[in-house]
Amino acid sequence: MSNRKIKIESRNDQFTSIIKSEITLEIPADENDFLVKEMHTHGYNVLDLMDSCDYIDVFFLLYNGDLPTVEQKLLLSKLSIFLINLGPRHTSARAAANAGIGRTDVNHIVPIAVMGMSGEYNGSKEVEQSMRYLTKHFTQSAEQAINDCLANEQEQSAQVEAERIIAPGFGTDHGGQSPLLNEVKNKLLTISPEQGYLQWANNFVNAMPQNTKCGWRLAGLVAPIFLDLNFEPRMGAGLFQMLSCPGAFAHGIQFSNKPLTDMPFLKDEDYDIINS
Amino acid sequence: MTLSTANAAWQKHRNKITTNRGGWRIGEAIYNCGYSMMDDLVGKKSFFQTLILNVTRRLPSVKLADWFEASFICLSWPDSRIWCNQNGALIGSTRGSPVAGIAAGILSADSRMYGPGSITGGAEFIVRALNWQKEGLSPLEIIEKELASKHTKPGNKPVIVGYSRPIATGDERVEAMEKVTASLDFEEGEHLKLAFKIHTTLAEHYQENMNYVGYVTAFLIDQGFSPKEIYRIYSTWVHSGVHACFAEANDKGAGEFLPLACNDIEYVGAAPRIVPKR
């Protein structure tokens, strides 16, 4: 052991002495450094933003540094309305509902809901991964990309799960394709940029052989729109979480004043312990 | 309209849970992986034995559970400058609930730089490395092959997960756990032996050393744990230090922990501008 003695040394990294922000300027009050008399977001006075903009404008501004164009605003607005309620069956809503009915401090319902939507299956991780996939393959032809996916899938061969996911955000959805998601996609396609990521993703899905039963998953629709709006892949998970959170919270908070018996609790015969 | 085959496949999971982990049979017993909690575990097995049983369905020996307990101590200490600990302290200072503070600290350490978030990368590397060694690669060739396969931002030093550490080089916890490993009479397995060869080679050629995750993952792979199991067991790895930082900040005056004045933030963004007519 003695010859493995490890010397612990500081790397002497040069850490900054002050936090920098590219987003917010806070001008302190005259007599108290901790109070704000004026605040700017990406250069715009918050009071002016309140007078001239709506929530979608400022949401876009925060992450892009500039106010959206008319086209960008329309696309983000319609996507936000779709995502605002993923329904009571989405894991985020179910996690929030379990917290609500379980009398969890209502202060925690939103963070629990957000964690409930963080997975790589139907969650924000899948959105991030899909954005990374699309940015990597965007310059490929959709046909070549789909052929690569199918070849790669064959190499990995063991497809043991009920779902077939051939690329992040693309594959089957409960073994099939969601008619609603398809309608939403058609609506968003009409207002998305020509030659943009959503158009590429549409070509990608159209190039999938029909016998695969593969197509759009939720993340595969959200990811290219985020990219068309100039959001970076590393932002995708958080943006999805924020846009989808209101519905999850609504489904959770509605149970916070309901009797415990208002949610199912499986009977023993439906809870099968196989090695008790 | 006929229902699809896929629909039928999902239907069989509705309103039904089948579990090999256990549960509560009211009036009969509480079961953990085949054991009766009150009869077989409480007062007879340690918390860490029970934790590992619940994760893996395998009841570990007392000495292995003791090793895990020691390894939990090592990862977490009460320094509120550390990112996960600081989040615990901030939430403590703003009078958040301890559960929120500790949960935020634990979640913060799900990081590719430190904490449990780096376990999978470290574990998968040493498994890959041993396969390469068996194919005839030397430790230096293993290092070079691993670094060549990594995408590193220009200007950044290439890093092998488990063999680098933020803030400092070297890791005192490796030596501490070596003592624990020896005192509990564990043999060094093939992954851990290779990990030390990589450590020595890295120190010679790249001035980097094995870190704690590198040591723990190599040891536990030798003990038969999968990378996924190790990640699951260590998911709360940092909580002890977060607890300390939360508690201290929570005991002090509200908001007193590292308050920021406006001028503590240097604004480097767009100059003040007029909102265009919309």
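Here the structure is a predicted model, which is why all the values come from computation and not from measurement. Residue numbers start from 1 in every chain, and the chains themselves are labelled A, B, ... in the order their sequence lines are given, proteins ahead of strands.
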Non-hydrogen atoms of chain A under 4.5 Å away: do they reach the side chain of B:Asp171, the backbone, both or neither?
backbone
Considering only heavy atoms, which portion of A:Asp48 lies under 4.5 Å from any heavy atom of chain B: side chain, backbone, both, or neither?
both
Does the side chain of B:Asp264 come within less than 4.5 Å of A:Asp33's, by heavy atoms?
no
B:Ser97, part contacting chain A, at a heavy-atom distance under 4.5 Å:
side chain
Where does A:Lys73 contact chain B at under 4.5 Å (heavy atoms): side chain, backbone, both or neither?
side chain
Spacing of CZ belonging to B:Arg21 relative to CD1 belonging to A:Ile274, to within rounding of 0.5 Å
10.0 Å
Report yes if some heavy atom in the side chain of A:Glu38 is under 4.5 Å from a heavy atom in the side chain of B:Cys262; otherwise report no.
no
Go through the atoms of B:Ile274 and report whether side chain, backbone, both or neither lie under 4.5 Å from a heavy atom of chain A.
backbone
Contacting region of A:His42 [heavy-atom separation from chain B under 4.5 Å]:
both
Kindly compute the distance separating CZ (A:Arg11) from CD (B:Gln207), expressed to the nearest 0.5 Å.
10.5 Å
How far does NZ of A:Lys20 sit from OH of B:Tyr267, to the nearest 0.5 angstrom?
14.5 Å
Crowded around B:Glu266 CD? As in, over 12 foreign heavy atoms under 6.0 Å?
yes
What option among B:Asn15, B:Asn32, B:Asn209, B:Leu107 has the most heavy-atom pairs under 4.5 Å with chain A?
B:Asn15
Is A:Tyr271 close to B:Arg25 at the side-chain level, that is, under 4.5 Å between some pair of heavy atoms?
yes
Based on non-hydrogen pairs under 4.5 Å, which of B:Gly96, B:Ala103, B:Pro276 is most in contact with chain A?
B:Pro276
Between CD1 on residue A:Ile18 and CD1 on residue B:Ile265, distance to nearest 0.5 Å:
7.5 Å
Within a 6.0 Å radius of atom CZ on A:Arg132, are there more than 12 heavy atoms belonging to other residues, nucleotides or ligands?
yes
A:Leu67 side, atom CG; B:Arg273 side, atom CZ - distance, nearest 0.5 Å
7.0 Å
To check you understand the geometry: which heavy-atom pair defines the closest contact between A:Ile19 and B:Leu260, and what is its length?
CD1-CD1, 4.0 Å
Minimum-distance pair of heavy atoms, taken over all atoms of A:Gly175 and B:Trp10
N-NE1, 3.8 Å
Can you tell me how far the CG atom of A:Asp268 sits from the CH2 atom of B:Trp24, to the nearest 0.5 Å?
10.0 Å
Who among A:Lys267, A:Glu269, A:His174 has the most heavy-atom pairs with chain B under 4.5 Å?
A:His174
More than 12 heavy atoms from other groups under 6.0 Å of CD on A:Glu120
no
Give me the one residue out of B:Glu172, B:Glu175, B:Arg173 that meets side-chain contact (heavy atoms from CB on, under 4.5 Å) with A:Ile8.
B:Glu172
Top contributor to chain B contacts, counting heavy-atom pairs under 4.5 Å, from A:Thr24, A:Thr16, A:Val36, A:Leu49
A:Thr24
Could you tell me whether A:Met50 atom CE has more than 12 heavy atoms of other residues or ligands within 6.0 Å of it?
no
Below 4.5 Å from any heavy atom of chain B, which atoms of A:Ile23 appear? Answer side chain, backbone, both or neither.
backbone
Tell me which of these, B:Ala261, B:Ala29, B:Gly269, B:Ala6, has more heavy-atom pairs under 4.5 Å with chain A than the rest.
B:Ala261
What part of A:Asp57 gets within 4.5 angstrom of chain B, counting heavy atoms only: side chain, backbone, both, or neither?
side chain
Identify which part of B:Ala9 has an atom lying under 4.5 Å from any heavy atom of chain A, answering side chain, backbone, both or neither.
neither
